[in-house]
Protein chains: 2
Amino acid sequence: MELNILICDDDKEIVRAISIYLENEGYQVFKAYDGIEAIELVQEHVIHLIIMDIMMPKMDGITATMKIRQDNMIPLIMLSAKSEDHDKILGLNIGADDYMAKPFNPLELMARVKSQLRRYTTFGSLEVSNHVFQTGGLTIDDEQKVISVDHAEVHLTPVQYKIVKLLTANAGRVFTIEEIYEKVWNERAVNPENTVAVHIRKIREKIEINPKEPKYLKVVWGVGYKIEKY
Amino acid sequence: MELNILICDDDKEIVRAISIYLENEGYQVFKAYDGIEAIELVQEHVIHLIIMDIMMPKMDGITATMKIRQDNMIPLIMLSAKSEDHDKILGLNIGADDYMAKPFNPLELMARVKSQLRRYTTFGSLEVSNHVFQTGGLTIDDEQKVISVDHAEVHLTPVQYKIVKLLTANAGRVFTIEEIYEKVWNERAVNPENTVAVHIRKIREKIEINPKEPKYLKVVWGVGYKIEKY
DNA sequence: TTAATTCTTAAGACTTTCTTAGTGTTTTGC
DNA sequence: GCAAAACACTAAGAAAGTCTTAAGAATTAA
């Protein structure tokens, strides 16, 4: 999966240097040199993460962050500033997700970027290399995109399939609705939606004998859903 | 690995705000409102890092820091004070590990906390490796949100689960009702409520063979509750 | 355009949580 | 040792919260 990172700094040398690291890791990089450019790019493209300087001409990083959040846009935002500019940072909650002091160590930056983006790397770190997952009578063949329950094939729609795959590949682990949303749609949930619940219902209709007493797809009250590990 | 941070400030609003950030990052937070409370908590719990205000009633942060160091206790200590206070140098000479000027930006604070705690973590971000706590016949799997007593699975509600998790993760240690309330609900108990007792009752009903003679969840009269350490 | 899929909404079912009020037990002080 | 006080336990019902379900609107694919 392609992850898009926007790097925004008025120092072109920094932008260039960081881009190299990011591209090296396989990320798609977008570049901006002030807050206004950044906002434009965010409106035009699906950006997953923004690394933004605070001190910039035209529009600073704080203002840009607030504008982006006002528009209900949900990319992750990491702010950065020279350590002596700390006092410039006012206001308690402007909606950034991380902060780094300049000059920063590229390795640490990469570690933080990965840490932030972990929510999108759905099956990445957790997935087993195998193409077939199984738990109890539930089998999912990721190569043929086919799932079977007790040896009977079941047809799932794409979204349903992704949810089942996520839960089955990590059978036993409980995922909150937000987590499921983030990992399946690759977006952050803006407000608590019911859509995941509806999909869960549809899935149960297909894979459970008795949807009221699910054998596979279980709810953990007040927490989330999981596929039972057998 | 669970990292415990103690935040100590007489301004309750600050304590509350910072706790939210810290908990959001997965740290276990303890709260104190003056130096004496801080020292008590440090003696009772394994604290990895203290964020302490300098200006406080009863016992100030400098004195508390010195006392803690005199006792050969080793938590990291970050002091904070309004920028016009020039106690900075003094603070660092008496054994504090970092200093921050108020008002501070939460993102910067988080960056510094992580930086200090890096010695406890593999690389920057805090990665919990162990999801299973155990003591005697009581096992709690934090990934599956499942607890078992003598190999029999037990279903707990979210609040019940949080209480059991808190006590089990610190098995043998006594928590007062107020402590339990603060940690589970993330707020101070306004007036001595009975709600914790009710939850304790419900938990015992589920995890004890004979709730009247609890084997795991014990009361310490006049003090609080604990889970027996075996 | 039609068909399939996905998303939104809202009502109702169900679960959990909190409050109250009363009962039982342990400690304190005389 | 006994009464009073302090603290812990229990039960039941009200309030709050979460999940389920169905139906239809919106979107996407064929």
Side-chain angles (χ1 to χ4, degrees), chain A residues 72 74 145 147 154-167 174-208 210-227, chain B residues 145 147 154-167 174-208 210-227:
Chain A
N72 271 331
I74 50 174
K145 307 289 178 201
I147 97 157
V154 178
H155 168 77
L156 293 190
T157 69
V159 170
Q160 291 165 7
Y161 182 83
K162 279 188 191 171
I163 293 174
V164 173
K165 182 183 168 191
L166 172 68
L167 298 184
V174 180
F175 288 81
T176 67
I177 287 191
E178 283 77 18
E179 276 180 306
I180 294 174
Y181 196 90
E182 284 175 6
K183 297 210 181 289
V184 170
W185 280 264
N186 286 318
E187 298 172 6
R188 291 214 272 176
V190 249
N191 42 21
E193 301 284 0
N194 190 30
T195 78
V196 171
V198 175
H199 285 289
I200 294 286
R201 166 82 208 306
K202 296 280 185 188
I203 293 167
R204 281 193 183 138
E205 244 169 38
K206 292 180 179 174
I207 71 173
E208 302 284 0
N210 178 7
K212 300 245 184 189
E213 278 181 29
K215 179 183 162 193
Y216 298 110
L217 211 178
K218 302 215 169 170
V219 60
V220 179
W221 247 86
V223 187
Y225 298 92
K226 69 173 172 181
I227 284 212
Chain B
K145 307 289 178 203
I147 97 156
V154 178
H155 168 78
L156 294 188
T157 69
V159 170
Q160 292 164 8
Y161 181 85
K162 280 186 192 168
I163 293 174
V164 172
K165 183 182 166 190
L166 172 68
L167 298 184
V174 181
F175 286 80
T176 67
I177 287 190
E178 283 76 18
E179 275 182 305
I180 293 174
Y181 195 91
E182 284 172 18
K183 295 231 165 291
V184 171
W185 281 264
N186 280 319
E187 46 183 77
R188 291 207 108 182
V190 256
N191 41 21
E193 299 283 359
N194 188 30
T195 75
V196 171
V198 174
H199 284 290
I200 294 286
R201 165 82 208 307
K202 295 282 184 187
I203 293 168
R204 282 194 181 138
E205 240 170 41
K206 291 178 179 176
I207 71 172
E208 302 285 359
N210 179 7
K212 302 247 183 188
E213 279 181 28
K215 180 183 163 194
Y216 297 109
L217 212 178
K218 304 215 168 170
V219 61
V220 179
W221 252 85
V223 187
Y225 298 93
K226 68 171 174 179
I227 284 215

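A note on names: the letters A, B, ... follow the listed sequences, proteins ahead of strands, and every chain is numbered from 1.
Distance, A:Y161 OH to C:dT6 P: 14 Å, rounded to whole Å. Nucleotide C:dA3 holds its C1' atom 12 Å from the NE2 atom of A:H155, rounded to whole Å. Put simply, CD on B:E205 is 9 Å from C1' on D:dT10, counting in whole angstrom units. Rounded to whole Å, the distance from NE2 on A:H199 to C1' on D:dT21 is 15 Å. One can place NZ of B:K218 at 17 Å from C1' of D:dC9, the figure rounded to the nearest angstrom. Regarding A:L156, its CG atom lies at a distance of 10 Å from the P atom of C:dT5, rounded to whole Å. Atoms CD1 (A:I200) and C1' (D:dT21) sit 14 Å apart, rounded to a whole Å. Taking atom CH2 of residue A:W185 and atom P of nucleotide D:dT27, one finds them 17 Å apart after rounding to whole Å.
Mapping A:K202 and A:I177 onto DNA chain D by nearest heavy atom places A:I177 closer to the 5' end of the strand.
With contacts defined as side-chain heavy-atom distances shorter than 4.5 Å, the pair B:V164/B:Y216 does not qualify. Contact annotation: the side chain of B:Y225 approaches that of B:L217 to within less than 4.5 Å [non-hydrogen atoms, C-beta and beyond]. By the 4.5 Å heavy-atom criterion applied to side chains, B:R204 and B:V219 are counted as neighbours. For the pair A:W185/A:V196, a side-chain contact is recorded, criterion being any heavy-atom separation below 4.5 Å from C-beta on.
A:P158 comes within contact range of the sugar-phosphate backbone alone, with a heavy-atom separation under 4.0 Å but no base atom that close. Within the 4.0 angstrom heavy-atom criterion, only backbone atoms of the sugar-phosphate kind lie near B:K212; the bases stay farther away. Within 4.0 Å (heavy atoms only), B:T195 reaches at least one base atom of the nucleic acid. At a threshold of 4.0 angstrom between heavy atoms, the contacts of B:Y225 are confined to the sugar-phosphate backbone, with no base atom among them.
Picking from D:dT20, C:dT17, D:dA11 the nucleotide with the shortest atom distance to the side chain of B:R201 gives D:dA11. Listed nucleotides C:dT8, D:dA11, D:dA8 differ in distance to B:W221; the shortest reach to its side chain belongs to D:dA8.
Here A:I177 contributes atom CD1 and A:N194 contributes atom CG; the two are 7.5 Å apart, rounded to the nearest 0.5 Å. B:K183 contributes atom NZ, which lies 13.5 Å from atom CD1 of B:I163 (distance to the nearest 0.5 angstrom).
If you check distances only, the side chain of B:N194 does reach the base of D:dT10 with a donor-acceptor pair under 3.5 Å.
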Should B:Q160 and B:K202 be marked as a side-chain hydrogen bond (donor to acceptor under 3.5 Å, both in side chains) after you check the CA-CA gap, both sets of side-chain angles, and the distance that decides it?
CA-CA 8 Å; B:Q160 292 164 8; B:K202 295 282 184 187; over 6 Å; no
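One finds no side-chain N or O of B:T157 lying less than 4.0 angstrom from the OP1 or OP2 phosphate oxygen of C:dT15.
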Any chance you could encode DNA chain D as dot-bracket? Rule is Watson-Crick or G-U wobble with both distances under 3.5 Å; [ ] for pairs crossing earlier ones, | for another strand.
||||||||||||||||||||||||||||||
